[in-house]
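First comes the structure, then the notes that go with it.
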2 protein chains.
Amino acid sequence: MTVGPVEIGQRSETVRRANLGAIVRELHAHGALSRSELVARTGLTRSAIRSLVGELVHAGLAAEGPATRLGTPGRPSPVVQLVAGSAVVVALDIAVDSLAAAIVGLGGRTLARVRIERSREHSSVDEIAADLTGLARTVLGRRPAAEPVVGIGVAVVGVVRRSDGVVSMAPNLGWRDIPLGERLARALDLSVPISVANEADLGTLAELRRGAAVGADDLVYISGEVGVGGGVIVGGRPLTGIAGYAGEVGHMPVNPEGAPCRCGSVGCWETEVGEDALLVRAGLMPGGGRAAVDTVLREAAAGSATAQAALDHVGTWLGFGLASLVNLLNPQLIVLGGRFGRMYPFVTRALHAELDRRTLPAARSLVTVIPTSLGVDAPLLGAAELALEPLLADPAQWVRPRDTLPELKSA
Amino acid sequence: MTVGPVEIGQRSETVRRANLGAIVRELHAHGALSRSELVARTGLTRSAIRSLVGELVHAGLAAEGPATRLGTPGRPSPVVQLVAGSAVVVALDIAVDSLAAAIVGLGGRTLARVRIERSREHSSVDEIAADLTGLARTVLGRRPAAEPVVGIGVAVVGVVRRSDGVVSMAPNLGWRDIPLGERLARALDLSVPISVANEADLGTLAELRRGAAVGADDLVYISGEVGVGGGVIVGGRPLTGIAGYAGEVGHMPVNPEGAPCRCGSVGCWETEVGEDALLVRAGLMPGGGRAAVDTVLREAAAGSATAQAALDHVGTWLGFGLASLVNLLNPQLIVLGGRFGRMYPFVTRALHAELDRRTLPAARSLVTVIPTSLGVDAPLLGAAELALEPLLADPAQWVRPRDTLPELKSA
DNA sequence: CAGAGTTTGTGTTCCTCTCCACCAAATCTG
DNA sequence: CAGATTTGGTGGAGAGGAACACAAACTCTG
């Protein structure tokens, strides 16, 4: 219910921008809304809504449709909707086992999407950049019309410096200090801003905007893939930290007696709840990927004590780590994503037992743990949201400024 | 450099309010500033600054003094300063071993202050409320003139629900679900808003505004008293969580094999780095308080291997827990407060070694660990800042609205 | 010591945005 | 079908900040 911080030193133009942004944000989040609903949601007057919506319509960003019959008395209110084709972004996802690209329009509609499997051997920047460029061209070709592209968002399994899109570390890819943003910007050659962020952080954003966490302003998302990632929403805003490295929950030290971690440390959370920890305890080979995890789940469902013990181990340690997060962040919601989402029914008992044991009652009573509602595409959707952010924050840039009012008056 | 989030649905009045707030906030944070410095800092024009400062002066919240000679060419700019006596708050602090009260004026000047020792036996709400009321009356009597009181801020060693000032748990006081805000409001009978918050959270705020962390928008503060508390600043804003319970770092589980904690859990961070952990390892009796800690530090300085080993243990575990926070929050600064501030020189080696071992290099390279620069009064100052917050956010409420401009014109 | 240059305060004018009041339109209810 | 209710449209009013021109005060230079 609040928009981002407004810079000090406001002018009337700033007000217009903020109000336009508020309207676009509401429409982006909730889909079609009648004018009167916009009045109620934003607190703006009918006159202001009329003027601003008129401007959006004139700029082609929004369209007004006929009123929906509600059965209530009073003049029906026309329904306003963002035009998905008025501005689109390219979303890219570099996951451990796959690459994906999508075209997503204003309002959040996916206009085109493609995902390919990726062998873990081919992880050089050149190969991945080339593959992604190909995917991007594919989806750009598949979009219905020549919708204008206003941004590129990239999700990547690695630690990313937000300011310039440098991947400072990605163990799954073997990358260190790779200027991914720059590389992809050059390869795609679209001359629009490019934003790169961590896959889990973007999954969190997607969950907040389109998934199970809509409306949860204080949120923790844990993504279990090969490694363990996470994202945090604080007061409705993504937690980035000073450089964008925040949310690396997988490398919280939890066990002083633990096993060595890929990051170089010992006893990281990931070494207890990561994919390989589960597989090894279940008697399987490490590195088995998603299929192996599903095997464990099937075995547990069939009554295998070994499989269930492995899942209990993961569940207990999940609860152990989550207890830290609950006591530290006092979140409203914890969303388990990635493999954890599928494991959820098998780990929930151990997880909750540990959480009950180790969290402060006050904070415990307010938090709910749920599985993700988005599939593998969560980071991809989050990347789209990230790329759309500038447009939502300041739609005025895309609105032709001062020839709307006379036209409105004469119309 | 940013003000708080502005509600959607802005009006011109909102703009004025935000700009007035920005000016007051700058003056509150930096003390005296010339008009031209205000222009530079806020981005507002000279005209706007003139009008807004004029209004503040007219309302008595600010005063303009003669220009300071800078030796630079050009017309000198008058210096604007907040009038500390124009609005004051009552700050209260319920610490483990002491109670304190202060009168703090706009701009942050402490006009009166008193602190008394408290025996740990007398911890009932009635006793503490009575003592605090007495202290408050004392400082209110000592203030120079009859400055108007605009708020009350309370720091307490316990977990506090921000919305209504209920202390949900305070092991040091033996409290559970105590409506402290309500009790104190009734006892003080000042008919001004009262805000209650955790002592460490308020220490963090004080450190951010008045201490070693000025300008650090992503900050972690760890306060070591009998227990271990903490506060987090994210993007310049205090992290509260959904109900205000955030920052309970003392109860992050860190050691599955650890000792039982007062909170009912096992292996909390507090059980490894808290006061008693140090004392017992140094061969002293637990519960010795500040004096006992100082004894350990003296012994270590004198070369005692036992004392230094105990400090190394604390330092290592401090680093272990801080590593979680660094990987999770990617802060710019970590401030060690309370007993940790005094321990700093003795634990820094072990702490940094552990931090180096367990944090992601990217995040590690950006974070600095420093001891606090504020003394025991940090929470008290933070309580004052908390109580002043509404005034800073919207000084327009305290400004007589619309009789300034005519006067300015005729003057 | 005087004039040039620089910086800042002052006051006016203009622009933009929002709000308010009134009227018109569309729908439901009895 | 008439009244009630809700909402949209329009024009005027009010408020706030920006831009501009001018005046004032200070430093620097010769």
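The chains referred to below are lettered A, B, ... by the order of the sequence lines, with proteins before strands, and numbering in each begins at 1.
When the side-chain nitrogen and oxygen atoms of B:Ser77 are compared with OP1 and OP2 of C:dG9, one or more of them lie within a distance under 4.0 Å. An OP1 or OP2 oxygen of D:dG17 is reached within less than 4.0 angstrom by a side-chain nitrogen or oxygen of B:Arg16. Taking 4.0 angstrom as the limit, A:Arg50 places none of its side-chain polar atoms (N or O) nearer than this to OP1 or OP2 of D:dG8. Here B:Ser36 reaches the OP1 or OP2 of C:dT8: one of its side-chain N or O atoms lies under 4.0 Å away. Listed pair A:Arg46 / C:dT18 fails the phosphate criterion, with no side-chain N or O lying under 4.0 Å from OP1 or OP2. Of the side-chain N and O atoms in A:Asn19, none sit less than 4.0 angstrom from OP1 or OP2 of C:dC17.
Heavy-atom nearest nucleotides on DNA chain D were determined for B:Leu52 and for A:Ser47, and the one closer to the 5' end corresponds to A:Ser47.
Taking atom CG on B:Leu38 and atom P on C:dT7, their separation rounds to 18 Å, with Å as the unit. Distance CD (B:Glu37) to P (C:dT7): 15 Å, rounded to an integer number of Å. The distance between atom CD of B:Glu64 and atom C1' of C:dG9, rounded to the nearest whole Å, is 10 Å. Straight-line distance from the CZ atom of B:Arg17 to the C1' atom of D:dA15: 14 Å, rounded to whole Å. As a whole-Å value, the separation of A:Leu44 CG from D:dG8 P is 13 Å. As rounded to whole Å, 9 Å separates atom C1' of D:dG9 from atom CZ of A:Arg35. What separates CG of A:Leu33 from P of D:dT7 is a distance of 14 Å, to the nearest Å.
Residues satisfying the side-chain hydrogen bond (donor to acceptor under 3.5 Å, both in side chains) criterion with B:Arg162, sequence neighbours excluded, are absent altogether. Listed by chain and number, the residues in a side-chain hydrogen bond (donor to acceptor under 3.5 Å, both in side chains) with B:Glu147 amount to none (sequence neighbours excluded). Remark: B:Glu37 pairs with B:Leu33, B:Ser34 by the side chain to side chain contact (heavy atoms under 4.5 Å, CB included) rule, at least two apart or across chains. Partners of A:Glu207 by salt bridge (Lys or Arg N to Asp or Glu O under 4.0 Å), not counting sequence neighbours: none found.
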Measure all distances between protein nitrogen or oxygen atoms and nitrogen or oxygen atoms of nucleotides 1-6 of chain C, and list the pairs falling under 3.5 Å.
from  : atom 1 : to      : atom 2 : distance (Å)
C:dT6 : O2     : B:Gly74 : N      : 3.3

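With hydrogens and angles ignored, the 3.5 Å screen pairs a side-chain donor or acceptor of B:Ser77 with a backbone N or O of B:Ser36. No donor-acceptor distance shorter than 3.5 angstrom exists from the side chain of B:His58 to the backbone of B:Gly54, with no hydrogens or angles considered.
Using a 4.5 Å cut-off on side-chain heavy atoms (C-beta onward), B:Val53 and B:Leu38 make contact.
When the local axes at the two ends of the helix from C:dC1-D:dG30 to C:dG30-D:dC1 are compared, using 5 base pairs at each end, they differ in direction by 10° after rounding to 10°.
There is no side-chain donor-acceptor pair under 3.5 Å between A:Arg209 and A:His28.
No salt bridge links A:Arg50 with A:Glu55; every basic N to acidic carboxylate O contact stays at or beyond 4.0 Å.
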